[in-house]
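In listed order, ligands and their atoms are each counted from 1.
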Amino acid sequence: MNHKISFAGPSITEKEVSYVLDAVQNGWYEHCEDYIKRLEKAFAEYVGVKYAIAVHCCTHALHLACAALGLGEGDEVIVTDFSWVATAHAVAYTGAKCVFADVEPDTWTIDPDCVRKAITPRTRAIMLVHSFGQPAMMDEIMKLAEEYGLFVIEDAAPAVGAEYHGKKVGSFGDFSCFSFQGAKMTVSGEGGVLLTDSEDLYRKAYRLSDMGRTDREAVFWSDELGYQYTISNLSAALALAQLERVDDLMQKKRNLFERYDSDLGGIGKIRLVREREGCRSNYCYPSLLLPGVSQEKRDRILEALRARNIHARPAFPRMSRFPMYEQRFENPVCAAIEQKGICLPSAANMTDEDVDFVCDTFLELL
Ligand SMILES: Cc1ncc(COP(=O)(O)O)c(C=O)c1O
């Protein structure tokens with residue numbers, strides 16, 4: 001194959017171009033926030049929550065969620081051990097401590113039994129991830145949260161469109177966060193959104209995202225140490241156009257996964273990550289485990305794929321092993337995924353033939 005098969009990448013049409021062009025040409029003066037407001041309204045409606053704040057990136061949304069919930073020194077937050085490190089760093093920025101819990105082997109999302117084991121009198125919140133677009137086990141997690149009086153933050157960075165028992169992910173927790181970073185399903189280069197159903201939490205988070213500005217005693221008055229986390233109108237224009245195409249973009253991802261499933265699903269040495277019954281994944285990053293393969297061999301396969309212009313990725317290392325964190329639990333499922341997990345390419349420009357080529361090459365190397 002003489003073209004590069006990218007790991008991820010967006011689908012950009014005339015719609016995106018026209019929205020961005022309009023934002024550049026007209027999105028100033030009294031129109032300088034038009035796309036931001038439209039994006040916030042559309043995203044909240046799509047997920048089915050009341051309030052949205054569009055921000056510069058999902059990491060900022062996660063941090064705002066932690067800060068608005070008042071997490072800080074002396075608090076513990078139970079965090080999935082399997083994620084991009086933004087999930088944990090956002091908690092740590094507040095001074096709260098991350099206690100890392102294992103995931104369950106079928107969907108790589110946080111295991112409610114491991115959450116229960118990690119709860120102490122200091123626990124204040126659960127930070128879960130809808131990993132690679134697979135919905136986490138929300139019924140069990142929300143029950144635990146209620147039983148122990150814990151906040152729930154959904155890191156849904158890659159999971160726009162995914163559903164748990166007919167309800168969109170991002171509509172369960174006190175806060176949820178999505179990303180428009182360039183490798184996600186709906187992109188704006190950098191961008192993110194914070195959602196909540198609570199007016200009080202919305203107001204707190206909004207003020208923090210806007211430098212703590214209140215205008216209370218004077219215009220430009222600030223009442224707390226806030227952050228400059230707002231999104232630009234230009235990025236919002238791109239994100240809005242993508243959101244308006246979200247059903248098509250998700251169908252494309254699901255088609256790519258179906259093709260992977262038909263090529264690789266029947267092979268005993270490979271365990272594909274599939275949506276759980278009653279759930280709908282957006283298959284943002286189709287992934288698999290090679291149970292019988294060593295980490296060295298997994299890495300050699302990835303290197304050989306790269307040499308043939310196929311960009312697959314290893315799964316995340318456990319964040320609990322990073323030098324700034326503490327490992328309270330071994331988390332064996334995350335350990336196995338760290339060593340034997342692979343994410344397959346699923347860029348929006350891929351064809352069925354590309355998937356077949358990836359699979360043929362992968363099986364030959366395996
Ligand atoms: C699970 C998860 N959380 C958070 C983030 C951070 O998103 P952003 O790059 O928009 O800050 C990512 C990005 O890849 C992610 O995958």
Side-chain angles (χ1 to χ4, degrees), residues 6-10 39 43 52-67 77-94 98 100-101 103 107-110 125-136 141 152-162 169-170 173 175-195 205 209 227-232 235-236 238-239 242-243 253 273 281-287 311 313-320 322 325 334 337-338 341 343-347:
S6 298
F7 175 70
L39 173 65
F43 210 100
I53 304 172
V55 286
H56 172 74
C57 63
C58 180
T59 306
H60 289 177
L62 291 164
H63 181 209
L64 284 176
C66 295
V77 177
I78 298 173
V79 182
T80 176
D81 207 356
F82 178 75
S83 187
W84 166 236
V85 73
T87 311
H89 279 6
V91 172
Y93 294 155
T94 67
C98 295
F100 293 100
V103 296
T107 59
W108 302 2
T109 61
I110 200 163
I126 301 167
M127 170 72 91
L128 62 93
V129 178
H130 299 294
S131 307
F132 298 158
Q134 300 288 344
I141 290 163
V152 173
I153 303 168
E154 293 175 71
D155 180 347
V160 61
V169 304
F175 277 116
S176 64
C177 308
F178 293 82
S179 173
F180 304 124
Q181 178 261 341
K184 299 294 180 291
M185 198 178 78
T186 49
V187 309
S188 66
E190 296 286 352
V193 68
L194 176 68
L195 302 181
S209 75
Y227 310 92
Q228 181 58 43
Y229 279 179
T230 42
I231 196 173
S232 83
S235 298
L238 185 45
Q242 291 265 280
L243 180 66
K253 286 276 189 188
V273 177
S281 172
N282 72 357
Y283 287 112
C284 189
Y285 305 125
S287 36
H311 288 226
R313 282 189 189 169
F316 295 122
R318 279 163 292 169
M319 298 184 291
S320 59
F322 295 171
Y325 294 121
C334 288
I337 297 169
E338 172 179 341
C343 297
L344 297 162
S346 64

**Q** At a 4.0 Å threshold, what atoms of ligand 1 neighbour a non-hydrogen atom of V129?
**A**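 In order of number, 1 (C).
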
**Q** For ligand 1, does H60 get within less than 4.0 Å through its side chain, its backbone, both, or neither, judged by non-hydrogen atoms?
**A**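 None of H60 does.
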
**Q** Can you find a heavy atom in the side chain of M319 that is under 4.5 Å from one in the side chain of D81?
**A**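 Answer yes - side chains close enough.
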
**Q** Below 3.5 angstrom, do we get any N/O pair linking Q181 and ligand 1?
**A**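 Looking only at distances, the answer is no, because the N/O contact criterion of under 3.5 Å is not met.
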
**Q** At less than 4.0 angstrom from any non-hydrogen atom of A86, what atoms of ligand 1 do you find?
**A**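 That gives atoms 4 (C), 5 (C), 6 (C) of ligand 1.
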
**Q** So which atom in T80 and which in S83 form the shortest heavy-atom distance, rounded to 0.1 Å?
**A**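 Heavy atoms of T80 and S83 come nearest at CG2-CB, 4.3 Å.
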
**Q** Nearest heavy atom to atom 1 (C) of ligand 1 wins, so pick from C58, S83, A61.
**A**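 Residue with the shortest heavy-atom distance to the ligand atom: S83.
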
**Q** Which heavy-atom pair separates G170 from F178 by the least distance, and what is that distance?
**A**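 The pair with the smallest heavy-atom distance is CA-CZ, 4.0 Å.
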
**Q** Do H311 and P345 have side chains that get closer than 4.5 Å, going by heavy atoms?
**A**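 A side-chain contact is absent here, since even the closest heavy-atom pair is not under 4.5 Å.
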
**Q** Taking only heavy atoms of W84 into account, list the atoms of ligand 1 that are under 4.0 Å away from them.
**A**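 Result: 5 (C), 6 (C), 12 (C), 13 (C), 14 (O), 15 (C), 16 (O).
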
**Q** Could you find the nearest protein heavy atom to atom 14 (O) of ligand 1 and give me its residue, atom name and distance?
**A**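 For atom 14 (O) of ligand 1, the nearest protein heavy atom comes out as K184 NZ, 2.6 Å.
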
**Q** Just which atoms of ligand 1 are under 4.0 Å from any heavy atom in A157?
**A**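 Answer, ordered by atom number: 1 (C), 2 (C), 3 (N), 4 (C), 5 (C), 12 (C), 15 (C).
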
**Q** If only atom types and distance count, is the side chain of T109 paired as donor or acceptor with the main-chain N or O of S131 below 3.5 Å?
**A**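 No, because the side chain of T109 does not come within donor-acceptor range (under 3.5 Å) of the backbone of S131.
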
**Q** At a 4.0 Å threshold, what atoms of ligand 1 neighbour a non-hydrogen atom of G191?
**A**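 Within the 4.0 Å cut-off of G191, ligand 1 contributes 10 (O).
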
**Q** Mind checking whether T59 contacts ligand 1 via backbone (N, CA, C, O), side chain (CB onward), both or neither, at a 4.0 Å heavy-atom cut-off?
**A**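 For T59, the contact with ligand 1 is made by both the backbone and the side chain.
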
**Q** Look only at interatomic distance and state if S179 has a nitrogen or oxygen under 3.5 Å from any nitrogen or oxygen of ligand 1.
**A**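 Yes; the residue has a nitrogen or oxygen that sits under 3.5 Å from a nitrogen or oxygen of the ligand.
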
**Q** Do the non-hydrogen side-chain atoms of F180 and F43 ever get within less than 4.5 Å of each other?
**A**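 The answer is yes, as the side chains (C-beta and beyond) meet within the 4.5 Å cut-off.
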
**Q** Which residue and atom name correspond to the protein heavy atom nearest atom 4 (C) of ligand 1, and how close is it?
**A**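 The closest one turns out to be D155 OD2, 3.5 Å.
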
**Q** So which atom in K184 and which in A157 form the shortest heavy-atom distance, rounded to 0.1 Å?
**A**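 Result for this residue pair: CD-O, 3.7 Å.
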
**Q** Any heavy-atom pair between the side chains of S176 and V169 that's under 4.5 Å?
**A**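 No, side chains not in contact.
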
